[in-house]
J.: 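This is the structure I want to talk about, given as structure tokens.
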Amino acid sequence: MDDPPAPARSPRAPAPAERRILMRALSDPILKVQNLTMRFGGLVAVNDLTFTAGRGDITALIGPNGAGKTTVFNCITGFYKPTTGRMALRHGTIDIDAHVERLTDTPNDHLTSADGSLYLLERMPDFHVSARAKVARTFQNIRLFSGMTVLENLMVAQHNPLMVASNWTIGGLLGFAGFRKREKAAIESAKYWLEKTKLIDRADDPAGDLPYGDQRRLEIARAMCTEPVLLCLDEPAAGLNPRESLELNALLRSIRDDHGTSLLLIEHDMSVVMEISDHVVVLDYGTKISDGTPDQVKSDPKVIAAYLGAEDEAEVEKIEAEVGL
Amino acid sequence: MMMEAPAREPVNFAGLLKDAVLAAAIAFGLFSLLLGLKTDQTLNNQMVLVPRPGLLATVVGLVFVGRFLIGYWQAINAGKIKKRKAAATPLALKIEKYGTAAFVGFLFVYPMMVLGTAGPSGAIKWIDNFGIQILIYIMLGWGLNIVVGLAGLLDLGYVAFYAVGAYSYALLATSEPVKEFMAGLVGPTFWPLWAFWICLPVAGILAAFWGVLLGFPVLRLRGDYLAIVTLAFGEIIRLVLINWVEFSGGYAGISSIPRPSFFGVPFNATESGFAATFGLEFTPIYRTIFLFYVILVLALITAVVSTRLRRLPVGRAWEALREDEIACRSLGINTVNTKLTAFAIGAMFGGFAGAFFAARQGFISPESFVFLESAQILAIVVLGGMGSLLGVVIASIMLVGGVELLRELDFLKAYFGDNFDPAQYRMLIFGACMVLMMLWKPRGLISVREPSVFLKEKKAVSSDLVKEGHG
Ligand SMILES: Nc1ncnc2c1ncn2[C@@H]1O[C@H](COP(=O)(O)OP(=O)(O)OP(=O)(O)O)[C@@H](O)[C@H]1O
Ligand SMILES: [Mg+2]
């Protein structure tokens with residue numbers, strides 16, 4: 001965690017075509033969601049959803065309000081137990097398809113082999129999804145520890161390694177050197193993310209005192225402090241002004257490129273989605289209606305119909321013009 | 001953060017008057033029977049009702065004036081923008097730091113000071129009733145502070161752990177089999193002399209164990225439910241102690257509990273006693289002074305441990321839990337275990353305090369562990385400002401010391417007649433304190449939070465931002 005902050009990238013992104021050859025969902029998946037269904041009583045919030053997120057990709061999950069996007073996140077991160085379905089996540093290069101059936105037949109929630117580990121997220125309690133499977137998330141309505149300082153927020157995120165270093169509190173209470181060293185490292189790691197999110201000057205201020213845009217970035221920094229392999233962001237650009245939104249794009253790209261963290265992104269702001277995502281999955285009323293590169297999805301008539309509301313032709317044209325069709 | 005103060009609205013006197021009249025009317029309705037009429041017996045044993053219009057009018061008048069003044073005070077303050085942080089908070093941190101150090105220094109010389117001014121016979125009361133009594137509550141307040149102030153878990157049954165500690169010590173120290181076993185092992189004089197020092201950690205561990213045992217089923221509950229179940233747990237422990245007579249002696253309690261020795265030297269008038277050993281003249285004050293220092297050290301251990309815990313990952317997780325439990329889980333924190341540790345450590349300090357209490361009294365019964373005790377300890381934590389160690393100290397002095405002071409007001413009998421017992425007004429003071437606090441400082445006396453770690457500068461966090469937890 002001592003590497004210097006990556007040089008600021010130009011906010012102007014390269015054109016999609018040269019950006020990435022192809023999304024990696026098929027060749028190098030990190031998460032496979034299969035037949036995920038979530039019912040709330042009679043309401044089917046997510047309906048038989050199957051998709052794959054590639055390692056090193058920014059995968060966007062989009063759809064109109066109430067389409068079930070947040071519900072998908074809550075299932076992946078263990079906050080909801082899905083009604084049916086399977087969510088397999090891998091660390092390393094273990095072949096998901098070759099092992100997942102075998103793992104499903106056991107009562108275990110993970111399996112480790114020489115080339116990595118495979119996790120069944122639907123079997124894990126929420127805190128294990130973060131601690132073991134290394135999936136971090138942010139929330140649509142920001143959830144910071146508002147009465148704690150910015151730095152403290154990032155220290156809480158490193159709870160598990162610090163807990164081990166403090167010998168489950170005993171060593172920490174006695175002031176062992178090992179713990180103090182580990183705590184310094186944790187502060188350094190927090191500093192790194194504060195610099196990256198441009199919050200370093202506010203490190204000692206209470207998180208609840210930050211302006212909205214800073215709070216959104218702090219939540220991302222906090223999630224990154226858990227060193228995730230997959231970061232799930234629920235509408236990170238909501239409420240940001242255009243400049244902040246551009247900066248966010250650069251931050252997300254840097255997370256993807258410099259940290260090897262794959263991203264799963266819910267976003268309403270189409271300019272953000274089209275600009276930075278490698279792969280887009282579109283939900284409508286809980287059902288997947290399209291899946292592909294941003295360009296493919298953008299020109300999918302089903303998406304246009306569902307997303308923009310096909311009744312009002314004039315409005316469709318207006319918005320199409322905005323999106324750049 | 002400085003903003004222009006908005007033009008202040010004129011105070012709405014008509015509204016205030018209406019409010020005050022309403023409050024007076026409610027008071028009249030409430031008190032017309034309670035205070036306005038008194039039952040009395042005539043000489044030929046007849047029951048008569050004596051009307052007391054004067055008293056009733058005074059009380060209703062006071063309510064009217066009080067409500068009006070409070071409303072007026074709130075109205076003139078409503079326009080002011082609450083200043084957050086600004087210059088006041090670093091000062092608050094300084095007060096907390098130096099105030100605590102000065103207070104601890106004062107406590108160490110307190111017994112000598114009192115001894116010097118009041119003499120050996122007068123000093124006992126001041127050291128025992130004020131010093132020891134307040135310190136017990138400070139320690140209990142600091143213990144409960146871990147659960148309520150840091151972890152944000154509303155525990156209304158804290159006295160249960162106090163009871164577990166007290167009974168653990170009392171039962172172990174007076175148990176015949178243990179005494180015989182120890183006599184066979186290291187001689188007959190050993191156990192009565194050392195029982196306290198051996199049982200003290202045992203009492204703490206047993207209380208922590210009970211904390212975990214209670215925690216397992218209960219900590220899934222949140223908010224009001226948690227409060228109610230912990231309250232019930234406190235009552236269950238007390239009822240078991242009352243009804244399981246063979247085990248705990250029931251209402252009669254346990255008596256002749258061995259007193260702590262000076263690390264093996266008893267406080268008595270014998271040859272081998274403390275006074276004789278150190279060539280002093282025997283008086284009971286030495287034991288009292290020693291007990292004072294024992295509870296002082298126990299309380300300081302509580303303070304040091306809870307201060308250190310706050311800066312460790314576990315303490316930070318407690319506070320994070322109070323702020324947002326869902327966010328905690330999204331960061332991989334096992335919230336059930338974290339809550340359990342808060343419960344267990346809080347209970348452990350309650351257990352230590354309980355063992356000390358039993359040793360100091362020499363006699364315990366379930367009467368000492370009623371719900372009112374839990375309420376008083378909780379009041380101390382809330383009044384002090386949740387999470388603040390110094391706040392707990394001030395609140396303990398106010399509430400416990402205030403009540404003890406009431407006993408000193410015997411001269412008031414001259415005005416109110418011989419039946420007047422100032423100590424009876426304890427609850428009234430209690431209530432008045434709470435009402436005033438809620439009006440004046442709803443987040444407690446010390447209402448800033450000190451960050452557990454900082455990069456450049458330690459800035460206090462205003463209590464407006466700090467959450468209270470949700471169970
Ligand atoms: N805990 C719940 N209990 C009952 N219904 C729920 C629950 N959570 C979500 N829903 C319902 O599921 C549907 C999908 O909700 P969800 O929050 O996933 O939508 P979303 O795509 O995130 O929408 P938005 O863009 O507005 O955030 C909605 O109809 C919602 O009311
Ligand atoms: Mg949503």
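Letters A, B, ... mirror the listed sequences (proteins, then strands); counts begin at 1. It should be emphasised that the depicted structure is a prediction, and the values quoted were computed from it without experimental measurement.
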J.: Does any heavy atom of chain B fall under 4.5 Å from the side chain of K134(A), the backbone, both, or neither of them?
T.: neither
J.: How many angstroms lie between CD in E152(A) and CZ in R316(B), if you round to the nearest 0.5 Å?
T.: 6.5 Å
J.: Is it the case that over 12 heavy atoms from other parts of the model lie below 6.0 angstrom from the OH atom of Y225(B)?
T.: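 Not more than 12 within 6.0 Å, no.
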J.: For E219(A), is it the side chain, the backbone, both, or neither that has a heavy atom closer than 4.5 Å to a heavy atom of chain B?
T.: neither
J.: Can you confirm whether more than 12 heavy atoms, excluding those of K81(A), are under 6.0 Å from its NZ atom?
T.: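 Enclosed.
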J.: Starting at CG of L455(B), measure out to CG of D201(A) and round the result to the nearest 0.5 Å.
T.: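 With rounding to 0.5 Å, CG (L455(B)) is 10.0 Å from CG (D201(A)).
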J.: Would you indicate whether the side-chain heavy atoms of V461(B) and M148(A) approach each other to under 4.5 Å?
T.: no
J.: Taking every non-hydrogen pair under 4.5 Å, which of V314(B), N334(B), L309(B) racks up the most with chain A?
T.: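 Result: the option with the highest number of such pairs is N334(B).
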J.: Donor-acceptor pair, distance only, cut-off 3.5 Å: does the side chain of R449(B) make one with the backbone of G147(A)?
T.: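 Present.
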J.: Does any backbone or side-chain atom of A157(A) lie under 4.5 Å from a heavy atom of chain B? Answer side chain, backbone, both or neither.
T.: both
J.: Tell me, do R329(B) and S130(A) make a side-chain contact under 4.5 Å, heavy atoms counted?
T.: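 Result no, sub-4.5 Å side-chain heavy-atom pair not found.
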J.: I need the minimum non-hydrogen distance between L312(B) and L173(A), along with the two atoms involved.
T.: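 So the minimum-distance heavy-atom pair works out to CD1-N, 3.6 Å.
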J.: Assess whether side-chain contact (heavy atoms from CB on, under 4.5 Å) is satisfied between C328(B) and F127(A), documenting all intermediate values.
T.: CA-CA 8 Å; C328(B) 277; F127(A) 64 97; over 6 Å; no
J.: Show the nearest heavy-atom pair for residues V156(A) and L331(B), with the distance to one decimal.
T.: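 Of all heavy-atom pairs spanning V156(A) and L331(B), the closest is CG1-CD1, 4.3 Å.
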J.: What are the two closest non-hydrogen atoms of P451(B) and T149(A), and how far apart are they?
T.: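 It is CB-CG2, 3.6 Å.
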J.: Has F216(B) got more than 12 heavy atoms of other residues, nucleotides or ligands less than 6.0 Å from its CZ?
T.: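 No, the 6.0 Å shell around CZ holds no more than 12 heavy atoms from other groups.
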J.: Compare every heavy atom of G172(A) with every heavy atom of R308(B), then report the nearest pair and how far apart it is.
T.: NH2-O, 4.5 Å
J.: Identify which part of K456(B) has an atom lying under 4.5 Å from any heavy atom of chain A, answering side chain, backbone, both or neither.
T.: both
J.: Which one wins on heavy-atom pair count under 4.5 Å against chain B: I200(A), V135(A), T138(A), L162(A)?
T.: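 Of I200(A), V135(A), T138(A), L162(A), L162(A) has the most heavy-atom pairs under 4.5 Å with chain B.
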J.: Compare every heavy atom of F179(A) with every heavy atom of P313(B), then report the nearest pair and how far apart it is.
T.: CD-CZ, 3.5 Å
J.: Would you check if F79(A) and I326(B) make a side-chain contact, meaning some heavy-atom pair closer than 4.5 Å?
T.: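 Side-chain contact under 4.5 Å: yes.
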J.: If you round to the nearest 0.5 Å, how far is CE of M155(A) from OG of S452(B)?
T.: 7.5 Å
J.: List the atom of N160(A), the atom of G332(B), and the distance in Å for their closest heavy-atom pair.
T.: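 For N160(A) versus G332(B), the nearest heavy atoms are ND2-O, 2.7 Å.
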J.: Which of residues 205-212 of chain B have a heavy atom under 4.5 Å from any heavy atom of chain A?
T.: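 Answer by number: none.
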J.: Report which part of T169(A) has an atom under 4.5 Å of a heavy atom belonging to chain B: side chain, backbone, both, or neither.
T.: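 It is both, since atoms from each part get that close.
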J.: Please report the interatomic distance CZ(R311(B)) to CD(E183(A)), rounded to the nearest 0.5 Å.
T.: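 Interatomic distance, R311(B) CZ to E183(A) CD, rounded to 0.5 Å: 10.0 Å.
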J.: So which part of T226(A) gets closer than 4.5 Å to some heavy atom of chain B, the side chain, the backbone, both or neither?
T.: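 Side chain of T226(A) only, per the 4.5 Å heavy-atom cut-off to chain B.
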J.: So how far is it from L465(B) CG to F145(A) CZ, rounded to the nearest 0.5 Å?
T.: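 Going from CG on L465(B) over to CZ on F145(A), the span is 15.0 Å.
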J.: Answer with side chain, backbone, both or neither: which region of R132(A) has an atom nearer than 4.5 Å to a non-hydrogen atom of chain B?
T.: neither
J.: Counting only N and O atoms by type, is there a donor-acceptor contact under 3.5 Å from the side chain of E457(B) to the main-chain atoms of D204(A)?
T.: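 Not confirmed, E457(B) side chain does not pair with D204(A) backbone.
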